[in-house]
Amino acid sequence: ILSGRGFAFRRKQKIERQYRKLLKKRRQVHSQQDDQFTDTYPEHLKHLYLAEEERLKKRRRTPEDSVSSEEKLNKAADGCGTYGYVCLMIISVLRTCTLFSRSAVTQEKFINKTSNQKAKEEYEKIKAERARKREEAEKRKQQREEAQRLYKKKKMEAYKILSKKTKKGQPNLNLQVEFLLQKIQQNT
């Protein structure tokens, strides 16, 4: 043991470890409570949900309603005492309830599209694009098959003409020359 690192140093380290453990436990308890009462959104859609929430808050809040409800909620929070955290959660739930009740009363047509409507439109666009691509691919496939069929038909006719034999089994040169003559005339 180095000088100055005796039993007092070990006791000090032990107390520090216990303190860190205690802090860690407190953080875990608070984070669990926070997670329990807050909305969690998927990361890739979080901005859409938050924007929608802000838009709804702006739309449904009127000046006289918000002042009176805020005063009521603040009075309720002051009376809570030691259970402030729970009261704050109750207050937030009450706020959302009052927002929804006001929205039911003053339901007006949305001029701006909601994120859900935008997502549906985007999905429809993608769906239409895929259908268009599928139709184009089907058309190209049919054209290719038609071209192959015509090619095979011409090949078969040429084969029939060129493979004809005389009575003795020799190739019919007259038909072959006529075929070559037709081919030359078509090219010119």
Please report the interatomic distance CZ(Arg27) to CG(Leu22), rounded to the nearest 0.5 Å. 10.0 Å

Kindly give the cluster partners of Leu23, where membership spreads through any ILVMFWY side chain lying under 4.5 Å from a current member. Tyr19

With a 6.0 Å cut-off (strictly less than), is the heavy-atom count around CZ of Arg130, excluding the residue itself, greater than 12? no

For Leu162, which residues count as a side-chain contact (heavy atoms from CB on, under 4.5 Å) partner, sequence neighbours excluded? Gln176, Phe179

Name the residue from Lys14, Glu16, Arg20, Lys21 that meets the side-chain contact (heavy atoms from CB on, under 4.5 Å) definition with Gln18. Lys14

Closest approach of Asn172 to Thr166 (non-hydrogen atoms, all atoms of both residues): CA-CG2, 4.3 Å

Side-chain heavy atoms of Glu136 within contact of Arg140, under 4.5 Å: yes

Specify the closest pair of heavy atoms between Ile161 and Leu175, including all atoms of both residues, with the distance to one decimal. CG2-O, 3.8 Å

Is the backbone of Thr114 close enough, under 3.5 Å, to the side chain of Gln117 for a donor and an acceptor to pair up by distance? yes

What's the spacing between Glu121 CD and Asn116 CG if we round to 0.5 Å? 10.5 Å

With Lys153 as partner, the option from Glu157, Lys155, Met156 fulfilling side-chain contact (heavy atoms from CB on, under 4.5 Å) is Glu157

Check Glu122 with Lys118, please: is the shortest side-chain N to carboxylate O separation under 4.0 Å? no

Checking Lys141 against Glu138 for the salt bridge (Lys or Arg N to Asp or Glu O under 4.0 Å) test, could you report, in this order, the C-alpha distance in whole Å, the side-chain angles of both residues, the deciding distance, and whether it holds? CA-CA 5 Å; Lys141 185 179 177 184; Glu138 191 69 31; 5.3 Å; no

Around atom NZ of Lys165, are there more than 12 heavy atoms of other residues, nucleotides or ligands at under 6.0 Å? yes

The reported gap from CD in Glu178 to CG in Leu173 (rounded to nearest 0.5 angstrom) is 11.5 Å

Say you draw a straight line from CD of Gln185 to CD of Gln182; how long is it, rounded to the nearest 0.5 Å? 7.5 Å

Holding to side-chain hydrogen bond (donor to acceptor under 3.5 Å, both in side chains), I want the full list of residues that pass it with Arg149, two or more places apart in sequence or in another chain. Glu146

CD (Glu145) and CD (Gln143) are apart, to the nearest 0.5 Å, by 11.0 Å

Do the side chains of Glu53 and Lys57 get nearer than 4.5 Å, heavy atoms only? yes

